[in-house]
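Read through the structure below, which is laid out as structure tokens, and then see the notes.
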2 protein chains.
Amino acid sequence: MAVRADALRNRETLLAAGRALLSRESAEIAFEDVAATAGLGKGTLYRHFPTREHLVAALLQERFDALTTDAEFLLGADYPLDAVEHWLRTYDRYPVSARGLSARFGEALADRESAVSTACVPMKQGFAALLARAQEAGLARRDIDVAELLAVIASLPRLSRDEDGSSPFLDVILRGIRA
Amino acid sequence: MAVRADALRNRETLLAAGRALLSRESAEIAFEDVAATAGLGKGTLYRHFPTREHLVAALLQERFDALTTDAEFLLGADYPLDAVEHWLRTYDRYPVSARGLSARFGEALADRESAVSTACVPMKQGFAALLARAQEAGLARRDIDVAELLAVIASLPRLSRDEDGSSPFLDVILRGIRA
DNA sequence: ACCTGAACACCGTTCAAGT
DNA sequence: ACCTGAACACCGTTCAAGT
């Protein structure tokens, strides 16, 4: 049950390499290259992260956690709908950047089986609570699937981005959510 | 300048093979397999379709054409906003199905350089005209990027689909479009 | 003018051998 | 218990030789 020190260190090295690759290339990452950049064997990479999805999930974990905290905090806000919109803007602005990553993210969020999907369950629940409050106040529509909403926003084409990193199309969606 | 008969026939065979592959597999298509299924050499495939995008564009052409015709027809409708919504529902329901295809489609639509993008210029223009009419009537918002709107709808997660093939999330977007 | 398929390269994945 | 890298497989792409 004890985790060897070198195993832990390797895991960190792999994550660092993954982070570097994801932020550099706008396109796709050669999974193999993560191992190479980390200076480790391919087998080690596969041992720690069975699929590239698992690596992505681990990399996004911090962001998920931050967003979960945000949601919990906003639960105490005065205006439920404002809280929902504020959270979604933050969510959208989060530089899931790195092109392919956001697309993959969107697909994964909608697919309940995926590694990323389970990694962000708390975040989803946090936002669902926020939304529920707005719905109960009669401010938001009830026919909204949280997973789909988040997936759509995550995969908003990253082309037309404003300077602050937000997507102009988000306004259309926010407006569509209101009751 | 004259096209050889066998070249034309091969092109059709390749398209048929591509169609078959795209409708069967829910996931991705091995580009190579298109040539194999068609019973032709890889070189022939590459001659006709330099990238898999070009093949996809050719396959989608009929649909684009049909949608362009729809848009032209609806330009004569009585209620501009209804016309816009009707057209978008048809667009959404079009079984661009085959999983990966719709995602690829969404990305391509947003990317002006892509082969798919140029293939659907008339369709985009047709819809843009419909939308402009609704905007002039004060029924639709003006801050809408046509390419982005179509790209988003095309990449709506294909998971939660109603029986008729439409996405429930489309309602959120339609509502968000209204002035 | 077009077609073919061998040949090369790249990348994902596994696993026997090592520590 | 974990790491390594050779080895295999698959697929994309090119191109010299053929018709």
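Proteins get letters first, then strands, A, B, ... in listed order; numbering begins at 1 in each. Bear in mind that the values here come from a model prediction, so they are computed numbers and not experimental data.
Spacing between atom CG of B:L14 and atom C1' of C:dT4 amounts to 13 Å, rounded to whole angstrom units. We find that CZ of A:R47 is positioned 11 Å from P of D:dT4, with the value rounded to whole Å.
Taking side-chain N and O atoms only, B:N10 has a distance below 4.0 Å to OP1 or OP2 of C:dC3. Within the 4.0 Å cut-off from OP1 or OP2 of D:dC2, not a single side-chain nitrogen or oxygen of A:H48 is found.
Every ring-ring contact (aromatic ring centres under 6.0 Å, His included) that B:Y46 has, sequence neighbours left out, goes to B:F31. Among residues two or more places apart in sequence or in another chain, the salt bridge (charged side-chain N to carboxylate O under 4.0 Å, His left out) test is passed with A:D143 by A:R141. Taking B:S117 as the reference, B:S114, B:K124 meet the side-chain contact (heavy atoms from CB on, under 4.5 Å) condition, with sequence neighbours excluded. In this structure, the side-chain contact (heavy atoms from CB on, under 4.5 Å) partners of A:L15, at least two apart in sequence or on a different chain, are A:R11, A:E12, A:R19, A:F49, A:L55, A:A58, A:L59.
Panel note: side chain A:Y91, backbone A:L150; a donor-acceptor pair is recorded below 3.5 Å. Between the side chain of A:D92 and the backbone N or O of A:L88, no donor-acceptor pair lies under 3.5 Å.
For the pair B:D70 and B:R63, the salt-bridge criterion is not met [side-chain N within less than 4.0 Å of a carboxylate O]. A salt bridge is absent between A:E136 and A:R142: the closest approach of a Lys/Arg side-chain nitrogen to an acidic carboxylate oxygen does not fall below 4.0 angstrom.
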Taking protein heavy atoms under 4.0 Å as touching, what does nucleotides 10-19 of chain C look like 5' to 3' if B marks base contact, S marks sugar-phosphate-only contact and - marks none?
-SBBBB----

Once Watson-Crick and G-U wobble pairs under 3.5 Å are found, how is DNA chain D written in dot-bracket notation, 5' to 3', with | for any base paired to another strand?
||.|||||...|||||.||

